[in-house]
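This report concerns only the one structure given below.
One is the number of the first residue; the rest follow in order along the sequence.
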Amino acid sequence: MKKFKIILITVFSAIAIVGCEGAGDYEIELINGFTVNRSSSEKICISSHEYSYEKVLIPTYDNYEDGEYVIEVGHDKDRYIVAKTNLNQYYIMNTMEIKVYGPLTEELFNNKKENLDISKDAILKTLDDMKITD
């Protein structure tokens, strides 16, 4: 009976720890007040406290509601944020004008980066790499 109680307590403790809402949530600071916000494994977006979390900027709100989420992100020193999503869509955001370009194919993304003269420093990194370096 004692063994059964220990097993039961262990199982319920494991479920409580794994099932806790917010256990894997995080926020990664980018530039100009923008952040990557993870509220679940499939709810990852770029937004700003200034615009509230209801204002999803990358991916665009409609695509975010349809299951698209950020998997890679990068930025230059002061103006542009670049991102890639789970659906292989690419986005560029001008943080000074709050203008989002996308969703884009990889080819259009690279062309747009070149046309906007975005620094080579704005390279895409996985979110895990961004958490480690930022």
Side-chain angles (χ1 to χ4, degrees):
M1 185 67 163
K2 233 181 202 184
K3 201 175 196 181
F4 178 72
K5 284 183 182 178
I6 292 172
I7 291 171
L8 192 61
I9 290 170
T10 304
V11 168
F12 282 124
S13 296
I15 290 171
I17 290 170
V18 173
C20 288
E21 187 175 326
D25 297 355
Y26 58 78
E27 191 172 273
I28 301 171
E29 293 291 327
L30 299 173
I31 56 172
N32 299 332
F34 290 90
T35 57
V36 174
N37 300 294
R38 182 185 191 270
S39 58
S40 77
S41 62
E42 295 181 354
K43 292 288 185 183
I44 307 168
C45 67
I46 297 173
S47 63
S48 168
H49 293 294
E50 182 178 338
Y51 297 97
S52 82
Y53 288 111
E54 287 76 43
K55 178 74 172 173
V56 174
L57 299 169
I58 296 176
T60 55
Y61 185 75
D62 289 339
N63 293 352
Y64 181 68
E65 288 299 306
D66 289 339
E68 186 174 16
Y69 56 89
V70 173
I71 60 169
E72 294 181 13
V73 69
H75 58 82
D76 64 7
K77 296 196 185 308
D78 61 357
R79 185 177 200 118
Y80 292 101
I81 295 173
V82 294
K84 179 181 177 183
T85 69
N86 62 315
L87 301 179
N88 285 326
Q89 298 290 337
Y90 295 82
Y91 292 84
I92 298 171
M93 180 170 47
N94 180 333
T95 62
M96 300 297 190
E97 299 173 13
I98 318 303
K99 183 169 183 169
V100 177
Y101 303 94
L104 304 166
T105 64
E106 185 175 10
E107 182 181 349
L108 290 173
F109 169 75
N110 289 326
N111 289 341
K112 191 69 170 172
K113 273 180 68 177
E114 193 174 308
N115 290 343
L116 293 171
D117 197 28
I118 297 174
S119 166
K120 301 284 186 205
D121 295 337
I123 58 170
L124 292 168
K125 297 180 185 177
T126 67
L127 298 180
D128 287 338
D129 287 344
M130 289 297 288
K131 287 191 327 189
I132 291 168
T133 60
D134 286 351

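Linking ILVMFWY side-chain heavy atoms closer than 4.5 Å, directly or via other members, places F34 and Y80 in two distinct hydrophobic clusters. By the criterion of side-chain heavy atoms lying less than 4.5 angstrom apart, applied directly or through intervening Ile, Leu, Val, Met, Phe, Trp or Tyr residues, I98 is grouped together with I31 in one hydrophobic cluster.
Here CE of M130 is found 10.5 Å from CD of E29. Values are rounded to the nearest 0.5 Å. To the nearest 0.5 Å, atoms CD1 (I81) and NE2 (H75) are separated by 7.5 Å. For the atom pair L116 CG and N94 CG, the distance stands at 7.5 Å (nearest 0.5 Å). Distance CG/N88 to CG/L104: 13.0 Å, rounded to 0.5 Å. Taken to the nearest 0.5 Å, the CD atom of E72 stands 10.0 Å off from the OG1 atom of T85. How far CG of N86 is from CD1 of I71: 6.5 Å, rounded to the nearest 0.5 Å.
No side-chain N or O of N115 forms a donor-acceptor pair with one of Y101 less than 3.5 Å apart. For S119 and D76, the side-chain atoms include no donor-acceptor pair closer than 3.5 Å. There is no side-chain donor-acceptor pair under 3.5 Å between T60 and D62.
Counting all heavy atoms, side chain and backbone alike, G33 lies closest to S48 at O-OG, 3.4 Å. The shortest heavy-atom contact between C45 and V70 is CA-CG2, 4.1 Å. Of all the heavy atoms in S41 and I44, the pair that sits closest is O-CD1, 3.8 Å.
Checked against M93 for a side-chain contact (heavy atoms from CB on, under 4.5 Å), the options N32, V82, I58 give a single hit: I58.
You'll find the side chain of L127 reaches within 4.5 Å of the side chain of Y26, heavy atoms only. P103 has its side chain within reach of N63: a pair of non-hydrogen atoms, C-beta onward, lies under 4.5 Å apart. Put simply, the side chain of N110 does not reach to within 4.5 Å of the side chain of E114, judged on heavy atoms.
Judged by distance alone, with hydrogens and angles left aside, the side-chain atoms of T35 form no donor-acceptor pair with the main-chain N or O of I28 at under 3.5 Å.
A cation-pi geometry, defined here as NZ or CZ lying under 6.0 Å from the six-membered ring centre and within 45° of its normal, does not hold between K43 and Y69.
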Exercise for the section: Show your working on side-chain contact (heavy atoms from CB on, under 4.5 Å) between Y64 and I46 and close with a plain yes or no. Expected result: CA-CA 10 Å; Y64 181 68; I46 297 173; over 6 Å; no
Trace of the side-chain contact (heavy atoms from CB on, under 4.5 Å) decision for L124 with F109
CA-CA 12 Å; L124 292 168; F109 169 75; 4.2 Å; yes
Please test V36 against L30 for side-chain contact (heavy atoms from CB on, under 4.5 Å), starting from the C-alpha separation and ending with a verdict. CA-CA 7 Å; V36 174; L30 299 173; 3.8 Å; yes
Q) What do the steps show when you test Y90 against K113 for side-chain contact (heavy atoms from CB on, under 4.5 Å), and what is the final call? A) CA-CA 11 Å; Y90 295 82; K113 273 180 68 177; over 6 Å; no
